[in-house]
Amino acid sequence: MTLAISTGAPFSAVLGIGGYRPRRVVDNAEICTLIDSSDEWIQTRSGIRERRWAGDDETVQMMSVAAARKAIDRSGVDAARIDAVIVATVTHLYQTPAIATAIAAEVGAVGAAAFDVSAACAGFCYGLAMADSFVRTGTAGHVLVIGVERLSDLTNREDRSTAFLFADGAGAAVVGPSDQPGIGPVVWGSDGDQAGLITQTESWDAAMEAETPHWPTLRMDGNPVFKWASYTMAKAAAEALSRAGLRPEDLDVFVPHQANMRITDAMFRALKLPSDVVIARDIQVQGNTSAASIPLAIEALLESGEAKTGQTALIIGFGAGLVYAGQVIVLP
Ligand SMILES: CC(C)(COP(=O)(O)OP(=O)(O)OC[C@H]1O[C@@H](n2cnc3c(N)ncnc32)[C@H](O)[C@@H]1OP(=O)(O)O)[C@@H](O)C(=O)NCCC(=O)NCCS
């Protein structure tokens, strides 16, 4: 007895992208009221001028739904035809249920398979890799992928190694069938030996049982992460480009995770990309929004006209784990 298996579309593509940026803009001067730093240091060492922090009503669900509605509208796909919802986040603070089920219901993807992914700043690219496979194997017809974070909830505002970096927001993409290849092979992986470089200060139970109960926060050994991102991640990005069958001169747009402008520049140099390749620099106004950073940066480039529909974009996410994932996509 041989089982029947599902078969899907020959190719998949990103059909629409949308983002949500919290209302409150926090500039470096405000950050420096709590840490010993300066606007000049923050801009020179990270590229960040300002970031957004979510208000009480700008929850993980609210921001996700706002981003998803834009992505769905732009894709032209009826929300009822979305069969799977993947939400990449490390800041949905409930162990269960996944936030993806409530988001699926609210956007009208009624009954869709729905789950959360914990892959930090690589989460959106992990989700995109799964969505591509789902569509091409027939596991799902259309997939909604969301990257969303409220990192300000888990940031110690008095920690000068992280307070200026982390921020909040959401980005979403609708993936569906296509006549042409629209999502290249993923290059992804992890390095658990370096798990200690970006972690929580302590577990939730330890923080709650402490003499003064408090929330754990994120802590990071920035410099080793910086070196790993600049060198090892440039190699992974080069592999994603080559596995998509492209040479550096074939690429139109480069959208690395918005972790640090100097990392973006180091990767750009290591990849030997031509000077006319458009580079995402959303970090200047948005800080590091982890899983949301890549879709937010893509949306900004499309809205400003710097990047255009049909162009090829190399995207790569990397972060706590350590984990990474990158692929080439055709912009919607
Ligand atoms: C955090 C980061 C911007 C720090 O930049 P850096 O160049 O590595 O800086 P260092 O940590 O080596 O510190 C350099 C100096 O600046 C000082 N410094 C650190 N934070 C500072 C701050 N906020 N303001 C002013 N000075 C600061 C340090 O004390 C050190 O001083 P010293 O030379 O007198 O000892 C950078 O390491 C980074 O972006 N890392 C990667 C982040 C990332 O990719 N995360 C991944 C996903 S979440």
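Counting from 1, the numbers follow the sequence of the chain as shown.
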Quick check for you: to the nearest 0.5 Å, what is the distance between Ile298 atom CD1 and Ile17 atom CD1?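 CD1 of Ile17 is found 4.0 Å from CD1 of Ile298.
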
Salt bridge (Lys or Arg N to Asp or Glu O under 4.0 Å) between Arg21 and Glu58, intermediate numbers included: CA-CA 9 Å; Arg21 294 168 196 261; Glu58 293 171 308; over 6 Å; no

Might you work through the salt bridge (Lys or Arg N to Asp or Glu O under 4.0 Å) test for Arg81 and Asp78, ending with a clear yes or no? CA-CA 6 Å; Arg81 292 179 59 211; Asp78 184 345; over 6 Å; no

Under-4.0 Å salt bridge between Asp57 and Arg23: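 Yes.
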
Determine, for Asp265 against Arg281, whether the closest basic-nitrogen to carboxylate-oxygen distance falls under 4.0 angstrom.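 A salt bridge links Asp265 with Arg281.
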
Just by distance, with hydrogens left out, do Ser152 and Asp168 show a side-chain donor and acceptor under 3.5 Å apart?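 Yes, side-chain donor-acceptor contact under 3.5 Å.
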
Is the backbone of [Y] close enough, under 3.5 Å, to the side chain of [X] for a donor and an acceptor to pair up by distance?
| X | Y | answer |
| --- | --- | --- |
| Ser190 | Gly192 | no |
| Glu299 | Gly19 | yes |
| Arg150 | Gly55 | yes |
| Asp159 | Asn156 | no |

Is the ring centre of Tyr126 less than 6.0 Å from the ring centre of Trp188?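 Distance test on ring centres: under 6.0 Å, yes.
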
Stepwise, does the salt bridge (Lys or Arg N to Asp or Glu O under 4.0 Å) test hold for Glu40 with Arg45? CA-CA 8 Å; Glu40 201 245 329; Arg45 305 298 273 215; over 6 Å; no

Might you work through the side-chain hydrogen bond (donor to acceptor under 3.5 Å, both in side chains) test for Arg219 and Thr199, ending with a clear yes or no? CA-CA 6 Å; Arg219 57 154 293 282; Thr199 59; 3.1 Å; yes

